Amino acid sequence: MNKKFVKQIPNILSFLRIFLIIPIIILYHTQGCHLWAVAVLALSCLTDMVDGKVARKYDAVSKFGKGLDGFADKLMQLAMILCLLSTYPQLTVLFAVLFVKEIGMGVVGLVYYKKTKDVHAARLHGKISTFLIDFTLIVLFLFKTLPDWAVWTMISACLAAAIVAAVMYFIMYKKSFKAIKENE
């Protein structure tokens, strides 16, 4: 297989994940197609797992790819929440927190990139938060009638993980900016 093409597979998979948002939304809101939406969502999650493994295996990790992968993850999460809001209005809180967190992380990440021409890769706390949110959203996608206590328990766990991840990332960026300032 062409080596240049292989190195593009992770980015192609990230773009595919972004494009899969549209069919997921359409299928979720189409009568009788709910399970098809779940199947496409599962395919999207699979591409998320594969892109990083391929990038590392074929030495195709790039600044662009790191940013695109994170952007695709967050866009998918926010789209899933928007789909689920009519069934689970409790998700409004999670949507608001994630929206503000991601705008903040995006701004800080762009400032960092402007100063260093580098992009921080996802850290364990961010991956745990992403996994927990994805897991919760998939459960809510699968089951349209869960008791309020179960929904609130899952949302609370997601909120806690997202807030911890945000704090940890901001501490990491603060240290990075301090090191940049000391080296100037």
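Values in this document were obtained by computation on a predicted structure and should not be read as measured data.
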Engineer: Honestly curious: do V139 and L35 fall in one hydrophobic cluster under the side-chain, below-4.5 Å linking rule?
Structural biologist: no
Engineer: Does the cation-pi check pass for K144 over Y28, that is, NZ or CZ under 6.0 Å from the six-membered ring centre and within 45° of its axis?
Structural biologist: yes
Engineer: Which pairs, with at least one residue in residues 40-53 and sequence neighbours excluded, count as a salt bridge (charged side-chain N to carboxylate O under 4.0 Å, His left out)?
Structural biologist: R17-D48, R17-D51
Engineer: Please enumerate all residues that pass side chain to side chain donor-acceptor pair (under 3.5 Å) together with Q90, with sequence neighbours excluded.
Structural biologist: D148
Engineer: Determine the interplanar angle of the H125 and Y169 rings, folded into 0 to 90°, and report it as parallel if under 30°, tilted if 30 to 60°, perpendicular if over 60°.
Structural biologist: perpendicular
Engineer: For the SG atom of C83 and the CG atom of L91, what is their distance to the nearest 0.5 Å?
Structural biologist: 11.0 Å
Engineer: Which ILVMFWY residues can you reach from L124 by hopping between side chains whose heavy atoms are under 4.5 Å apart?
Structural biologist: I128
Engineer: To the nearest 0.5 Å, tell me how far I25 CD1 sits from M80 CE.
Structural biologist: 11.0 Å
Engineer: Go through the steps to decide whether T87 and L140 satisfy the test side-chain contact (heavy atoms from CB on, under 4.5 Å), and finish with yes or no.
Structural biologist: CA-CA 9 Å; T87 307; L140 296 178; over 6 Å; no
Engineer: Apply the hydrophobic cluster definition, ILVMFWY joined by side-chain contacts under 4.5 Å directly or through others, and give me every member besides L132.
Structural biologist: none
Engineer: Can you confirm whether more than 12 heavy atoms, excluding those of I22, are under 6.0 Å from its CD1 atom?
Structural biologist: no
Engineer: Is the backbone of G65 close enough, under 3.5 Å, to the side chain of D69 for a donor and an acceptor to pair up by distance?
Structural biologist: no
Engineer: For Y173, does the OH atom sit with more than 12 other heavy atoms under 6.0 Å from it, leaving out its own atoms?
Structural biologist: yes
Engineer: With a 4.5 Å heavy-atom cut-off, do I163 and K101 have their side chains touching?
Structural biologist: no
Engineer: Taking CZ in F135 as the centre, count heavy atoms belonging to other residues, nucleotides or ligands within less than 6.0 Å. Is the count above 12?
Structural biologist: no
Engineer: Are any non-hydrogen side-chain atoms of Y88 and L146 less than 4.5 angstrom apart?
Structural biologist: yes
Engineer: According to salt bridge (charged side-chain N to carboxylate O under 4.0 Å, His left out), does anything in residues 107-131 pair up with another residue at least two apart or in another chain? List the pairs.
Structural biologist: none
Engineer: At what distance, to the nearest 0.5 angstrom, does CG of D73 lie from CD1 of I133?
Structural biologist: 10.0 Å
Engineer: Under the salt bridge (charged side-chain N to carboxylate O under 4.0 Å, His left out) definition, can you give me all pairs with a residue in residues 33-45, not counting sequence neighbours?
Structural biologist: none
Engineer: Would you confirm whether H34, through its side chain, and F141, through its main-chain N or O, come within 3.5 Å as a donor-acceptor pair?
Structural biologist: yes
Engineer: Considering residues, nucleotides and ligands other than M168, do more than 12 of their heavy atoms fall under 6.0 Å from its CE?
Structural biologist: no
Engineer: Do L137 and M76 come close enough that some side-chain heavy atom pair is under 4.5 Å?
Structural biologist: no
Engineer: With rounding to the nearest 0.5 Å, note down the distance linking OG in S129 to CG in L159.
Structural biologist: 9.5 Å
Engineer: Is L142 reachable from V40 through a run of hydrophobic residues whose side-chain heavy atoms are each under 4.5 Å from the next?
Structural biologist: yes
Engineer: Are more than 12 heavy atoms from other residues, nucleotides or ligands located less than 6.0 Å from atom OH of Y112?
Structural biologist: yes
Engineer: Same cluster for I24 and I26 if Ile/Leu/Val/Met/Phe/Trp/Tyr side chains link at under 4.5 Å?
Structural biologist: no
Engineer: Quick check on the hydrophobic clustering: are F143 and W149 connected, directly or via other members, by side-chain heavy-atom contacts under 4.5 Å?
Structural biologist: no
Engineer: Does some side-chain heavy atom of D134 sit less than 4.5 Å from a side-chain heavy atom of F131?
Structural biologist: no
Engineer: After noting the C-alpha distance and the side-chain angles of Y58 and I9, does the key distance pass the side-chain contact (heavy atoms from CB on, under 4.5 Å) rule?
Structural biologist: CA-CA 10 Å; Y58 294 102; I9 290 174; over 6 Å; no
Engineer: Say you draw a straight line from OG1 of T136 to CD1 of I81; how long is it, rounded to the nearest 0.5 Å?
Structural biologist: 9.5 Å
Engineer: Should L82 and V100 be regarded as members of a common hydrophobic cluster, given that ILVMFWY residues are connected when their side-chain heavy atoms come within less than 4.5 Å of each other, either directly or indirectly?
Structural biologist: no
Engineer: Going by heavy atoms in the side chains, are L20 and L43 under 4.5 Å from each other?
Structural biologist: yes
Engineer: Quick check for you: to the nearest 0.5 Å, what is the distance between T47 atom OG1 and L16 atom CG?
Structural biologist: 5.5 Å
